[in-house]
Amino acid sequence: MRGFLASSIGVTCAAALAVPLTPPAAAATSAPPPTTERAARAEAYAPGGTQSLPLAPLTRDRAPGAAAQGLPRRDVRHFSLVGVVWDDPATELRGRVEVRTRATATGTWSPWQELETHNAEHSADPGTAESASRRVRGATAPLWVGESDGVEVRVRAESGPETTRAAAPLPGGMRLELVDPGKGAPPAAAPEPEEGPRTTTTSAGPPASAEAVAASAANAGLAPLGATEIPALSQAETEAGLGAGQHTKPYVGARPSITTRHGWGADEGLREKGFVYTKKVKAAFVHHSATGNNYRCSQASSVIRSIYRYHVRSTGWRDLGYNFLVDKCGNIYEGRAGGVSKAVLGAHTLGFNSNSMGIAVLGTYSDRKPSSAAVKAIARLTAWKLGIYGMNPDGKTYLKSGGGNLYRKGKNVRLNVISGHRDGFATNCPGKLLYGKLDTSRAKAARYQGR
C-alpha cells in the first residue's frame with residue numbers, strides 16, 4: 001500500500017456457515033449454527049501456478065539497480081493476477097510500477113495500470129518466526145487483471161531534487177509474478193461425522209492426508225479427529241477460549257454465512273503445516289486488498305486463490321495474510337487457516353497482528369466508494385467474531401505494538417475496536433472512502449449485538 005509519507009478431477013460444493021434466523025440477543029445464548037453444504041455450480045478442478053520472470057534494465061545502463069527496469073511486451077501462459085517482488089523485504093521500492101496486459105478473450109491490450117508499491121505494512125510482526133523466514137521477499141500489492149496471456153511491465157525509480165541514481169536504486173532481484181488461480185477446489189476428504197447436529201462437507205476424490213483432514217476440521221471450527229473437547233463449557237465459551245467458571249458477554253451477533261477455505265478452493269498443500277494462534281481477538285483491522293475493482297462477484301473465489309498463492313509462493317508468508325475477506329456483494333470468506341471462530345494469528349497489520357483479526361475488502365477504495373453490502377458484511381462479521389470475545393465493536397481497546405512506523409515496540413495503543421489499517425501504520429489502506437465508512441460498520445455491528 002502506498003504510505004501517507006506514502007488460489008484428480010473432482011466435483012465440489014462450496015462449504016459455508018449458515019446464517020441463523022435468530023435475533024442477536026438469542027444468538028448469545030443458543031448454540032452456533034452448524035456447518036452445512038451450500039450448492040455451487042460443478043466445476044472441474046485445475047491447479048493454478050505462478051510464472052516468475054526476472055526484470056531487466058530498460059536503458060543502456062545494464063547495472064543492477066538501474067533506475068528503469070521491466071519487461072518488453074511478450075506472450076506468456078495464462079494468468080489473472082500480477083505483482084512484483086524483490087529479494088530484500090526490508091528494502092522499499094521507491095518508484096512507480098506499471099503493467100499492461102492482453103485479455104485472453106479479446107486479444108486487446110489494457111491501458112497502463114499502476115501497482116501499489118508499499119506493501120510491507122501487510123506482514124507478520126517484527127521478530128516473529130514468520131517475518132524472519134528466509135523465504136520472505138519485498139513485494140508490491142497484487143493487481144487482478146482477469147484472464148490474460150500477454151504482459152508488459154516497467155518500473156521507474158523516484159526522481160526529485162535530492163534524489164540521485166546512486167542514492168535511490170531500485171531493489172535488487174526484482175521479478176514479475178504472474179499468478180494463475182486455477183479452477184475449483186482440490187479434492188479433500190472431510191472428518192468423519194460427529195454425533196450431534198453438526199455436519200461436515202464431503203467431496204469426491206482420493207483420501208486426504210492427515211494434515212488435510214485436520215485443516216478441514218479446523219477451518220470448519222470443529223476439533224480435529226482425536227482432539228479432546230471440554231463438554232462442561234458451552235459452545236460459545238469453547239469457541240472464545242474461555243476457561244471453566246468464566247462466561248461470555250451477552251452481546252454476540254448472529255453468526256454470518258462464511259465461505260470456508262475449501263469453499264473458495266484453497267490448496268492446503270501450499271501453506272505451512274499447522275496453525276498459529278494468539279490469545280484473543282480484541283480488535284479488527286479493516287483493509288482493502290488494492291487488487292483493483294475490475295472483478296465480478298462470481299470471480300471472488302478466483303481472486304482470493306490468486307492472493308493466497310501470491311502471499312505464500314511469491315511473498316513467502318506461511319499462509320494468506322488476512323483472517324477474512326469480503327467481496328463487493330457482501331459475501332464473507334475465511335482467510336488464514338485455523339478456524340473461523342478462533343484467534344488465528346495473521347499477517348495483515350505490521351505491529352498489531354497479535355490479539356486482532358484482519359478483514360480485507362476485495363478492491364481498491366482510495367477513489368471509489370465501497371458497496372453498502374460490503375460495509376454491512378464487515379458489521380455482521382465483527383458483531384459475531386468480536387462478540388464471542390466479549391468486545392464492543394463500537395468501543396475502544398488497547399493493543400501492544402510489535403513495532404512499526406507509528407508506534408514503537410511495546411507501546412500500549414488505544415484504538416477503536418474496529419480500526420482501519422492506517423490507525424496502526426502510516427498507510428493509505430484501507431483507502432479513504434472505505435475508511436470513511438467504518439463508523440457505519442461500527443454502529444451497525446453494535447446494533448447486531450443487541451446493544
Side-chain angles (χ1 to χ4, degrees), residues 1-3 6-7 78-84 96-106 108-119 121-122 139-148 151 153 177-181 259 264-265 285-311 320-322 324-333 335 348 358-381 420-422 427-438 440-441:
M1 304 301 171
R2 190 173 302 280
S7 236
H78 288 194
F79 68 97
S80 295
L81 180 138
V82 302
V84 171
R96 186 179 182 92
V97 180
E98 295 175 304
V99 298
R100 297 179 65 194
T101 57
R102 184 179 63 204
T104 304
T106 64
T108 58
W109 285 85
S110 72
W112 286 103
Q113 301 181 79
E114 187 174 0
L115 278 64
E116 293 209 19
T117 57
H118 297 268
N119 198 45
E121 61 267 30
H122 294 83
T140 67
L143 179 68
W144 175 262
V145 295
E147 189 168 353
S148 306
V151 68
V153 62
E177 303 288 287
L178 305 176
V179 181
D180 172 12
T259 301
W264 53 258
F285 285 97
V286 178
H287 306 257
H288 65 176
S289 64
T291 47
N293 303 298
N294 188 28
Y295 74 94
R296 302 185 302 275
C297 292
S298 61
Q299 296 175 309
S301 290
S302 294
V303 177
I304 296 170
R305 289 197 301 273
S306 297
I307 297 173
Y308 172 43
R309 183 173 285 273
Y310 185 73
H311 281 184
L320 182 62
Y322 308 113
F324 296 93
L325 302 99
V326 174
D327 67 27
K328 55 190 175 185
C329 291
N331 301 305
I332 303 170
Y333 304 83
H348 49 83
I359 304 169
V361 181
L362 297 179
T364 305
Y365 299 102
S366 301
D367 300 305
R368 179 174 294 192
K369 292 181 180 180
S371 68
S372 59
V375 174
K376 182 178 180 180
I378 294 170
R380 291 188 292 117
L381 175 59
H421 187 180
R422 63 175 63 182
T427 175
N428 177 58
C429 185
K432 63 181 180 181
L433 298 185
L434 176 54
Y435 186 78
K437 289 293 185 179
L438 294 188
T440 300
S441 290

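Scope of the values below: all heavy atoms of this structure, side chains included, with no hydrogens, waters or symmetry mates. Just so it is clear, the model here is predicted, and its values are computed rather than measured.
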Next on the checklist: Less than 6.0 angstrom from the centroid, inside 45 degrees of the normal: does Lys328 satisfy that with respect to the ring of Tyr365?
Outcome noted: no

Checklist entry - Minimum heavy-atom separation for His288 to Ser366, with atom names? => result CE1-OG, 3.7 Å

Next on the checklist: Quick one: does any side-chain atom of Thr108 pair with a main-chain N or O of Thr106 as donor and acceptor, under 3.5 Å?
Outcome noted: no

Checklist entry - Which atoms form the tightest heavy-atom contact between Val375 and Pro370, and what is the distance? => result CG2-CG, 4.1 Å

Next on the checklist: Restricting to non-hydrogen atoms, name the atom on Trp112 and the atom on Glu98 that form the minimum distance, rounded to 0.1 Å.
Outcome noted: CZ3-O, 3.5 Å

Checklist entry - Thr104: what forms a side chain to side chain contact (heavy atoms under 4.5 Å, CB included) with it, not counting sequence neighbours? => result His78, Glu147, Asp149

Next on the checklist: Can you confirm whether or not the ring centre of His421 sits under 6.0 Å from the ring centre of Tyr435?
Outcome noted: no

Next on the checklist: Would the distance check show the side chain of Arg380 and the main-chain N or O of Gly330 forming a donor-acceptor pair, the cut-off being under 3.5 Å?
Outcome noted: yes

Next on the checklist: Under the criterion side chain to side chain contact (heavy atoms under 4.5 Å, CB included), I'd like the reasoning laid out for Leu115 against Val99: C-alpha separation, chi angles, the key distance, then a yes or no.
Outcome noted: CA-CA 8 Å; Leu115 278 64; Val99 298; 3.7 Å; yes

Item to check | Heavy-atom side-chain contact between Asp327 and Val303 under 4.5 Å | outcome: no

Next on the checklist: Can you confirm whether the side chains of Ser80 and Asp180 place a donor and an acceptor under 3.5 Å from each other?
Outcome noted: no

Item to check | Min side-chain heavy-atom separation Pro111-Arg100 under 4.5 Å | outcome: no

Item to check | Working for side chain to side chain contact (heavy atoms under 4.5 Å, CB included), residues Glu114 and Val97 | outcome: CA-CA 6 Å; Glu114 187 174 0; Val97 180; 5.9 Å; no

Checklist entry - Can you name the one residue among Tyr295, Trp264, Trp144 that meets side chain to side chain contact (heavy atoms under 4.5 Å, CB included) with Ser302? => result Trp144

Next on the checklist: Taking Trp109's backbone N and O only, do any of them form a donor-acceptor pair with Arg102's side chain (distance below 3.5 Å, no angle check)?
Outcome noted: no

Checklist entry - How far apart are the C-alpha atoms of Gln113 and Val145, what are their side-chain angles, what is the distance that settles it, and do they pass the side chain to side chain contact (heavy atoms under 4.5 Å, CB included) test? => result CA-CA 9 Å; Gln113 301 181 79; Val145 295; 4.0 Å; yes

Checklist entry - Taking atom CG of Asn293 as the centre, does the number of heavy atoms from other residues, nucleotides or ligands within less than 6.0 Å exceed 12? => result yes

Checklist entry - Looking only at heavy atoms, which two atoms of Val326 and Ala377 are closest? And how far apart? => result CG1-CB, 3.7 Å

Next on the checklist: Thr291 vs Thr364, test: side chain to side chain contact (heavy atoms under 4.5 Å, CB included). Steps then yes/no.
Outcome noted: CA-CA 6 Å; Thr291 47; Thr364 305; 5.6 Å; no

Checklist entry - Which pair of non-hydrogen atoms, one from Leu438 and one from Gly420, has the smallest distance, and what is that distance? => result CD1-N, 3.5 Å

Checklist entry - Going from CG on Asp367 to NZ on Lys369, what distance comes out if it is rounded to the nearest 0.5 angstrom? => result 12.5 Å

Checklist entry - Mind checking whether Val84 and Glu177 have side chains closer than 4.5 Å, heavy atoms only? => result no

Item to check | Backbone of Leu81 reached by a side-chain donor or acceptor of Tyr310 within 3.5 Å | outcome: no

Next on the checklist: Between His348 (side chain only) and Gly358 (backbone N and O only), is there a donor and an acceptor less than 3.5 Å apart?
Outcome noted: yes

Checklist entry - Could you give the distance from CD1 (Ile359) to CD1 (Ile332), rounded to the nearest 0.5 Å? => result 8.0 Å

Checklist entry - With no hydrogens and no angle check, is any side-chain donor or acceptor of His311 less than 3.5 Å from a backbone partner on Gly321? => result yes

Next on the checklist: What I'd like to find out is whether the side chain of Thr259 reaches to under 4.5 Å of the side chain of Asn331, using heavy atoms alone.
Outcome noted: no

Checklist entry - With a 4.5 Å heavy-atom cut-off, do Val361 and Leu434 have their side chains touching? => result yes

Next on the checklist: Any non-hydrogen side-chain atom of Ser289 less than 4.5 Å from a side-chain atom of Leu325?
Outcome noted: no

Item to check | Closest approach of Ser441 to Ala379 (non-hydrogen atoms, all atoms of both residues) | outcome: O-CB, 3.5 Å

